[in-house]
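Treat the numbers as computed from the prediction; the structure is a model and nothing was measured.
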Amino acid sequence: MTPTAVLEKSAANDDVDAMATPFMKCLVRLMRAQDTYDAWEGRSDASILTDFIVTKEQRREIPIIGDPDPDVLWRLEIFYSAVGLAIEQETGIMASPMMKMSHEGFGRVLLTTGRLVVVLKTLRDVHRFGFENLSKLAEAGNKLVQDAAEMVGKFPDVAKY
């Protein structure tokens with residue numbers, strides 16, 4: 001087996017592991033819920049998430065300064081909604097996302113539970129939003145969920161209020 005084939009097989013295994021995480025299951029569920037005309041019915045879960053993948057080569061082709069495309073903003077909203085849904089599954093407390101974005105692609109997203117802010121993220125260069133592969137996507141989402149769950153654990157009374 002060639003070194004490239006070994007790397008591709010390893011990446012495929014990593015993607016299978018990534019798809020099994022609770023965050024990725026939430027993301028797939030939200031994406032499938034957006035498919036009102038069943039256009040994605042026969043597609044695999046991983047193929048539905050390909051729009052979230054932006055390789056280094058693709059990122060280099062995107063200008064440094066640019067206005068975010070409506071599709072990119074939609075994917076950004078879906079991503080953070082999936083984070084909120086996964087937080088709710090993890091903690092049993094609903095997490096609501098709020099996003100404020102300028103037309104230039106700069107802004108902020110926060111997720112709250114009760115009166116507690118569990119995720120606060122400054123967004124820059126949103127027009128280049130994406131992840132290198134499915135494993136990186138899962139890693140980013142899972143980290144946000146775990147950090148939020150820890151915050152809820154530290155301040156449960158504020159989170160439930």
Side-chain angles (χ1 to χ4, degrees), residues 10-36 40 43-56 58-59 62 67-161:
S10 174
N13 288 339
D14 289 346
D15 287 348
V16 169
D17 294 341
M19 292 301 295
T21 64
F23 165 75
M24 293 294 272
K25 289 179 181 179
C26 289
L27 185 59
V28 167
R29 242 185 342 203
L30 285 175
M31 289 294 289
R32 288 207 182 268
Q34 300 295 317
D35 183 25
T36 55
W40 298 334
R43 290 178 58 185
S44 70
D45 291 346
S47 71
I48 289 172
L49 301 179
T50 55
D51 288 339
F52 288 93
I53 307 305
V54 179
T55 64
K56 289 180 182 178
Q58 291 169 324
R59 191 165 279 130
I62 300 171
D67 294 345
D69 184 75
D71 289 340
V72 173
L73 293 174
W74 176 75
R75 283 193 302 274
L76 189 69
E77 287 181 30
I78 295 290
F79 176 81
Y80 284 103
S81 294
V83 170
L85 186 58
I87 291 168
E88 184 176 359
Q89 281 185 337
E90 178 84 18
T91 65
I93 300 171
M94 185 171 63
S96 303
M98 291 180 272
M99 188 169 69
K100 177 71 175 164
M101 186 70 52
S102 76
H103 71 281
E104 296 173 328
F106 296 93
R108 178 171 289 186
V109 65
L110 57 100
L111 280 87
T112 59
T113 58
R115 292 186 176 207
L116 181 65
V117 176
V118 293
V119 172
L120 176 61
K121 184 100 169 130
T122 301
L123 303 171
R124 296 180 10 189
D125 299 333
V126 167
H127 64 288
R128 301 171 91 183
F129 175 74
F131 301 90
E132 188 70 24
N133 53 44
L134 291 175
S135 296
K136 298 282 186 186
L137 171 61
E139 183 181 314
N142 288 324
K143 181 170 180 4
L144 289 169
V145 171
Q146 291 308 313
D147 291 348
E150 287 176 18
M151 187 68 72
V152 169
K154 286 180 186 177
F155 305 102
D157 294 337
V158 180
K160 292 177 185 176
Y161 183 72

**Prompt:** For the residue pair Ser135 and Ala18, what are the closest heavy atoms and their distance?
**Reply:** CA-CB, 3.8 Å

**Prompt:** If you count the non-hydrogen atoms of other residues, nucleotides and ligands that lie under 6.0 Å from CE in Met94, is the total more than 12?
**Reply:** no

**Prompt:** Do Gln146 and Glu90 come close enough that some side-chain heavy atom pair is under 4.5 Å?
**Reply:** yes

**Prompt:** Do Glu77 and Met99 touch side chain to side chain, with heavy atoms closer than 4.5 Å?
**Reply:** yes

**Prompt:** Hey, are the side chains of Asp71 and Asp51 touching, using non-hydrogen atoms and a 4.5 Å cut-off?
**Reply:** no

**Message:** Testing the basics here: between Ser44 and Arg32, what is the closest heavy-atom pair and its distance to 0.1 Å?
**Reply:** C-NH2, 3.7 Å

**Fill in**
d(Leu134 CG, Leu27 CG) to nearest 0.5 Å is 9.5 Å

**Message:** Can you confirm whether Lys121 sits close enough to Leu110 that some side-chain heavy atom of one is under 4.5 Å from a side-chain heavy atom of the other?
**Reply:** no

**Tyr80 side chain near Leu111 side chain, heavy-atom distance below 4.5 Å** = yes

**Message:** Please evaluate residues Arg108 and Leu123 with respect to the criterion side-chain contact (heavy atoms from CB on, under 4.5 Å), reporting the C-alpha separation (whole Å), side-chain torsions for both, the decisive distance (0.1 Å), and the verdict.
**Reply:** CA-CA 5 Å; Arg108 178 171 289 186; Leu123 303 171; 6.0 Å; no

**Request:** Check step by step if side-chain contact (heavy atoms from CB on, under 4.5 Å) holds for Met19 and Val28.
**Result:** CA-CA 9 Å; Met19 292 301 295; Val28 167; 3.7 Å; yes

**Message:** Donor-acceptor check, side chain of Ser102 to backbone of Phe106, threshold 3.5 angstrom: yes or no?
**Reply:** yes

**Complete:** Closest non-hydrogen contact found for Leu30 with Ile78 is CD1-O, 3.9 Å

**Request:** May I have the step-by-step check of side-chain contact (heavy atoms from CB on, under 4.5 Å) for Thr112 and Val118, ending in yes or no?
**Result:** CA-CA 6 Å; Thr112 59; Val118 293; over 6 Å; no

**Asked** Mind checking whether Phe129 and Leu73 have side chains closer than 4.5 Å, heavy atoms only?
**Response** no

**Complete:** Looking only at heavy atoms, the pair that brings Gly130 and Val54 closest together is CA-CG2, 3.7 Å

**Message:** Please check: side-chain N/O of Arg115 versus main-chain N/O of Asp157, any donor-acceptor pairing under 3.5 Å?
**Reply:** no

**Asked** Out of curiosity, Leu137 CG to Asp15 CG, how far, rounded to the nearest 0.5 Å?
**Response** 9.5 Å

**Prompt:** Do Met24 and Asn142 have side chains that get closer than 4.5 Å, going by heavy atoms?
**Reply:** no

**Item:** Listed partners of Arg43 passing side chain to side chain donor-acceptor pair (under 3.5 Å), at least two apart
**Value:** Ser47

**Prompt:** Going through the checks in order, is the side-chain contact (heavy atoms from CB on, under 4.5 Å) test met by Arg29 and Leu85?
**Reply:** CA-CA 10 Å; Arg29 242 185 342 203; Leu85 186 58; 3.4 Å; yes

**Request:** May I ask you to say whether Lys25 pairs ionically with Asp45, meaning some side-chain N is under 4.0 Å from a carboxylate O?
**Result:** no

**Item:** ring-ring contact (aromatic ring centres under 6.0 Å, His included) pairs, two or more places apart, involving residues 16-35
**Value:** Phe23-Phe79

**Request:** Would you indicate whether the side-chain heavy atoms of Ile93 and Ile87 approach each other to under 4.5 Å?
**Result:** no

**Asked** In Å, rounded to the nearest 0.5 Å, how long is the span from CE of Met151 to CG of Leu120?
**Response** 9.5 Å

**Message:** Tell me which pairs pass salt bridge (Lys or Arg N to Asp or Glu O under 4.0 Å) where either residue lies in residues 135-146, with sequence neighbours left out.
**Reply:** Lys143-Asp147

**Complete:** Distance col, row Leu116:CG vs Lys160:NZ, nearest 0.5 angstrom, shows 12.0 Å

**Arg59 (side chain) donor-acceptor with Arg128 (main chain) under 3.5 angstrom** = yes

**Message:** Could you report the tightest heavy-atom contact between Asp67 and His127, atom names first, then the distance?
**Reply:** O-CB, 3.9 Å

**Request:** Calculate, to the nearest 0.5 Å, the distance between atoms CH2 and CE belonging to Trp40 and Met31 respectively.
**Result:** 4.0 Å

